[in-house]
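What follows is a short report on a single structure.
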Protein chains: 2
Amino acid sequence: MNSQTSSPDMPQQPSQRLDAQLCFALYSTSLAMGKVYRKVLAPLGLTYPQYLVMMVLWEQDERSVSEIGERLWLDSATLTPLLKRMEAAGLVQRTRSAADERQVMVTLSPAGREMQRSAAEIPTGILCATGCTPEGLKALKAELEVLRRNLQQAV
Amino acid sequence: MNSQTSSPDMPQQPSQRLDAQLCFALYSTSLAMGKVYRKVLAPLGLTYPQYLVMMVLWEQDERSVSEIGERLWLDSATLTPLLKRMEAAGLVQRTRSAADERQVMVTLSPAGREMQRSAAEIPTGILCATGCTPEGLKALKAELEVLRRNLQQAV
DNA sequence: TGATATTAAATAGCACGCTATATAAACTGC
DNA sequence: GCAGTTTATATAGCGTGCTATTTAATATCA
């Protein structure tokens, strides 16, 4: 290990440190955010991915699984069981589309629509936990979106 | 829904949009990063969390489970099965500490130590996928670390 | 029109990260 | 010295996100 630091490979070490730390920062911050969301969303009985689905449907009700997936960058392997649990919890309904029977349409139940009201405080709680200003968050968001696009183009 | 946008609650809507998008940016970027790592680490047969453990051990061999956990913000519920799989793969060894038998010490196997060599190219591949400059990454990392600290203090 | 290719969702299997709990060892205070 | 408390790790159970594969429906092409 010490021989590594003094080897001709040393120029790579800073890159190794920096890179590892950046990715780790992303990973660990994401986990930390998840922890906050679990606490804040517990009263609603929602997990964060479920909350995302609800937001997509509140924005526009009745979407196919793949439409939801496109908005959230998730595929049906993740969404199908997730949506099934939400249906079991009485938040949504899943029905085969008559126009194209390969599609399953997801619609909000009355309880799911009503939940938007009690979910109104969620963003404030989260914003509070970030300890950031709206401007700071906006800038960070933009940077993350650039990074995400680059990463998605790399695979 | 339309009644919502024109309601007195409208001041909250921008916050709801911004907040949701920031957290979602973090979440989706983290997923995208994970996908890149899966591809880059596949030749080594490592998952990203396993790679993190290896980096911690390459930095300093022989650590207890909780030491590793402190470095990675992970607890034993996650680490124990993960380390068991790594032991089964011949990368590490796990032994009860004689000094304190509650502790399990994790040490690199010869193969685990040797793997550091072939892992040397990983950071370069990742850096390439981010499409960012080292300076840009450094700034983003710092911002994420501030956010992470704030989030961790909020729960 | 029928065969083939493509698509949407579901399922199988795995790894991970979390909360809750259990077990054994170490620590503390009387 | 002993009972009670705390600590380190392991286990149980759940939800999620991934790759790979399957099933049924739709689209395409000759």
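Below, chains carry the letters A, B, ... as their sequence lines are ordered, and counting in each starts from 1.
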**Asked** Out of D:dA10, D:dT16, C:dG17, which nucleotide sits closest to the side chain of B:V104?
**Response** D:dA10
**Separation of atom OH in B:Y37 from atom P in C:dA15, rounded to whole Å** = 20 Å
**Prompt:** Hey, is the side chain of B:Y27 poking within less than 4.0 Å of OP1 or OP2 on D:dT16, counting only N and O atoms?
**Reply:** no
**Message:** Please check this pair: side chain of B:R96 against backbone of B:R102, looking for a donor-acceptor N/O pair closer than 3.5 Å.
**Reply:** yes
**Request:** Answer yes or no: does a side-chain N or O of A:K84 lie under 4.0 Å from OP1 or OP2 of C:dA10?
**Result:** no
**Asked** Want to settle it: does A:E101 or B:E67 sit nearer the 5' end of DNA chain D, counting the closest nucleotide to each?
**Response** B:E67
**Prompt:** At under 4.0 Å, does any side-chain N or O of A:Q103 touch on OP1 or OP2 of D:dT26?
**Reply:** no
**Asked** Rounded to whole angstrom units, what separation is found between the CG atom of A:L72 and the P atom of D:dG15?
**Response** 19 Å
**Request:** On the 0 to 90° scale, with breaks at 30° and 60°, tag the B:Y48-B:Y37 ring pair as parallel, tilted or perpendicular.
**Result:** tilted
**Prompt:** About how many Å separate OG of A:S109 and CE of A:M86, when rounded to the nearest 0.5 Å?
**Reply:** 9.0 Å
**Nearest listed nucleotide, side chain of B:A77, among D:dG15, D:dA12, C:dA10** = D:dA12
**Rounded distance (Å) that lies between atom C1' of C:dA8 and atom CG of A:D75** = 11 Å
**Asked** How long is the line joining OH of A:Y48 and C1' of D:dG17, in whole Å?
**Response** 14 Å
**Prompt:** Just how far is it from atom CG of A:L79 to atom CD of A:Q50, taken to the nearest 0.5 Å?
**Reply:** 11.0 Å
**Message:** Distance check needed: D:dT23 C1' versus A:R96 CZ, whole Å only.
**Reply:** 10 Å
**Asked** How many angstroms lie between atom CG of B:L140 and atom NZ of B:K138, to the nearest 0.5 angstrom?
**Response** 13.5 Å
**Prompt:** Got a second to check how far A:L144's CG is from B:F24's CZ, nearest 0.5 Å?
**Reply:** 12.0 Å
**Request:** Please determine if a side-chain N or O atom of A:S76 lies less than 4.0 Å away from the OP1 or OP2 oxygen of C:dA9.
**Result:** no
**Message:** Closest approach to the side chain of A:T78, judged atom by atom: which nucleotide of D:dT16, C:dA9, C:dG17 is it?
**Reply:** D:dT16
**Message:** Using OP1 and OP2 only, check whether a side-chain N or O of B:R94 sits under 4.0 Å from D:dA10.
**Reply:** yes
**Item:** N/O (side chain, B:S66) to phosphate O (OP1/OP2, D:dT9) under 4.0 Å
**Value:** yes
**Message:** From C-beta outward on B:D100, which listed nucleotide comes closest to its side chain: D:dT11, C:dG17, C:dA25?
**Reply:** C:dA25
**Prompt:** 5'-most contact on DNA chain C: A:P81 or A:A32, nearest heavy atom basis?
**Reply:** A:P81
**Request:** Could you check A:A99 against B:L31 and say which one's nearest nucleotide on DNA chain D is further toward the 5' end?
**Result:** B:L31
**Message:** Rounded to whole Å, how long is the line connecting atom CD1 of B:I68 with atom C1' of D:dA8?
**Reply:** 13 Å
**No-H, no-angle donor-acceptor pair, B:R102 side chain to D:dT9 base, under 3.5 Å** = no
**Message:** Measure CG/B:L79 against C1'/C:dG17 and give the value in whole Å, please.
**Reply:** 10 Å
**Asked** B:K35 has an atom NZ; how far is it from atom P of C:dA15, in whole Å?
**Response** 19 Å
